[in-house]
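Report on the following structure.
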2 protein chains.
Amino acid sequence: MNNYTTILRQHNLKATPQRLAIADILYVQGHINIESLYAVMLKKFNSISLATIYKNINIMVENSFIQEVKIPHAKSVYELKKEEHSHLVCNECGEVQDVTIDLDTKIDEMAQANNFILSSSNLVLAGICKNCH
Amino acid sequence: MNNYTTILRQHNLKATPQRLAIADILYVQGHINIESLYAVMLKKFNSISLATIYKNINIMVENSFIQEVKIPHAKSVYELKKEEHSHLVCNECGEVQDVTIDLDTKIDEMAQANNFILSSSNLVLAGICKNCH
DNA sequence: CTGACTGCAAACGTTTTGCACGGTA
DNA sequence: TACCGTGCAAAACGTTTGCAGTCAG
């Protein structure tokens, strides 16, 4: 019983081959959009339905097992949930990269100044990645 | 000839009543999603089409007259283009608020460390606004 | 007056739903 | 075995397109 099986069960989700494959693909690829995920899944399950992809993505998001990342001028991608981090998005190749960057002090100050109770911080930086210049 | 008329013409866009109304609504409301914008526009133009809303929003975004803001777990909102700033989004009431917060130093450092050429930075902070607690 | 814009209806792509069957626990 | 999950087909949804008529410049 591998890692993802355990985590899925902890969320009262059955560890089906399809779900384990999604987890595995996200682990390997880091970030992927629905369309590409479907394409990759089709290689492993020749008759998988897009509906299954959507149902699983949705339920896994609801259970905080994975997370949606909304990207300016592009389709959302999904990633395994982990510690808070930011994203670099390349406008050339579309590649999404995780980065950690500590902005807490300034953000907390600002939240306090606005009497705002912070629960999450989403930073997406767009530009050109090192492979595209 | 008012302000928005001038700006629209600078982008080779005709200053139609519908476009001026959109600009005015964005100015007054700050941020609005398509659905609400359509509802407000219907009050001013009783037979306006959703297609017109979409066409105008799209062309105004392409011309950098307005900007889309993607929000976690919610519909995108649109705002008039202005200097770079961040957004506070209330998970209770949905209100979106502009804030300026200078994170450039840290972000630039990080971009440089990753050999990434930065072109835009999008920060959305979610939580509970001052009116909701 | 002319090209750009509007409103309508139809088309389109994406996401969700309902249902019968199949598989996990 | 009981229920949850899958796959399929249809439906729903948001957005885009084509077209004929209208309006801004």
Side-chain angles (χ1 to χ4, degrees), chain A residues 1-25 32-63 65-66 68-78, chain B residues 1-25 32-63 65-66 68-78:
Chain A
M1 178 153 111
N2 68 36
N3 200 15
Y4 296 126
T5 303
T6 312
I7 302 178
L8 284 166
R9 297 225 183 118
Q10 283 166 0
H11 291 294
N12 296 310
L13 300 177
K14 292 195 174 178
T16 65
Q18 291 87 339
R19 285 176 184 166
L20 292 171
I22 291 176
D24 193 53
I25 291 165
I32 198 168
N33 65 32
I34 296 284
E35 189 184 1
S36 306
L37 176 60
Y38 181 48
V40 176
M41 289 290 281
L42 269 178
K43 292 180 193 158
K44 307 196 182 195
F45 305 88
N46 55 33
S47 69
I48 194 173
S49 162
L50 242 188
T52 300
I53 304 279
Y54 278 108
K55 284 171 189 166
N56 282 330
I57 288 292
N58 288 340
I59 205 168
M60 288 161 101
V61 167
E62 283 160 25
N63 285 282
F65 179 67
I66 66 176
E68 181 179 2
V69 183
K70 291 195 175 187
I71 297 178
H73 312 118
K75 292 176 187 168
S76 289
V77 295
Y78 295 85
Chain B
M1 177 152 112
N2 69 36
N3 201 17
Y4 296 125
T5 302
T6 311
I7 303 179
L8 284 167
R9 296 222 185 121
Q10 283 166 359
H11 290 294
N12 296 311
L13 299 177
K14 292 198 171 177
T16 64
Q18 292 86 341
R19 285 177 183 165
L20 292 171
I22 291 176
D24 193 54
I25 291 165
I32 197 167
N33 65 32
I34 296 285
E35 189 183 2
S36 306
L37 176 60
Y38 180 48
V40 177
M41 289 290 281
L42 268 177
K43 292 180 194 157
K44 306 196 182 191
F45 305 88
N46 54 34
S47 69
I48 194 173
S49 162
L50 242 188
T52 299
I53 304 278
Y54 278 109
K55 285 172 189 165
N56 282 330
I57 287 291
N58 288 340
I59 205 167
M60 290 161 101
V61 167
E62 282 161 26
N63 285 282
F65 180 67
I66 65 176
E68 180 179 3
V69 183
K70 290 196 176 187
I71 297 177
H73 311 117
K75 294 175 185 166
S76 289
V77 295
Y78 295 85

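To find a chain, count down the sequence lines: A is the first, B the second, and so on, and within it residues start at 1.
Taking side-chain N and O atoms only, A:Thr16 has a distance below 4.0 Å to OP1 or OP2 of D:dT6. OP1 or OP2 of C:dG23 has not a single side-chain nitrogen or oxygen of A:Gln18 nearer than 4.0 Å.
Put simply, OG on B:Ser76 and CD1 on B:Ile57 are 11.0 Å apart, with the number rounded to the nearest 0.5 Å. Distance check, rounded to the nearest 0.5 Å: CZ of B:Arg19 to NE2 of B:His11 gives 11.5 Å.
Rounded to an integer number of Å, the gap from B:Ile57 CD1 to D:dG14 C1' is 14 Å. One can place CG of A:Asn46 at 10 Å from P of D:dG7, the figure rounded to the nearest angstrom. If you take CD1 of B:Ile48 and P of C:dC5, they are 14 Å apart, rounded to a whole angstrom. One interatomic measurement links the two molecules: OH of B:Tyr38 to P of D:dG14, which rounds to 12 Å at whole-angstrom precision. Distance, B:Leu37 CG to D:dG14 P: 15 Å, rounded to whole Å. Rounded to whole Å, the distance from CZ on B:Arg19 to P on C:dC5 is 4 Å. Rounded to an integer number of Å, the gap from A:Leu20 CG to C:dG23 P is 16 Å. B:Asn56 has its CG atom 8 Å from the P atom of C:dC5, to the nearest Å.
Of the listed nucleotides (D:dC8, C:dG7, D:dC4), D:dC4 has the atom at the smallest distance from the side chain of A:Lys14. In this structure, of D:dT17, C:dA25, C:dT17, it is C:dT17 that holds the atom nearest to the side chain of A:Ala51. Nearest to the side-chain atoms of A:Ser49 among the listed nucleotides D:dG7, D:dG5, D:dG25 stands D:dG7.
Between the side chains of B:Gln18 and B:Thr52, not a single donor N or O lies within less than 3.5 Å of an accepting N or O. A:Thr6 and A:Asn3 share no donor-acceptor pair across their side chains, judged by distance under 3.5 Å alone.
Sequence order on DNA chain D of the closest nucleotides to B:Asn58 and A:Asn12 puts A:Asn12 first from the 5' end. The nearest heavy atom of DNA chain C to A:Leu50 and to A:Pro17 marks one nucleotide each, and the one closer to the 5' end goes with A:Leu50.
Counting non-hydrogen atoms under 4.0 angstrom, B:Thr52 reaches a base of the nucleic acid.
The base of C:dG13 is not paired with the side chain of A:Lys75 by any donor and acceptor separated by under 3.5 Å.
Between B:Ile22 and B:Tyr78 there is no side-chain heavy-atom pair separated by less than 4.5 Å.
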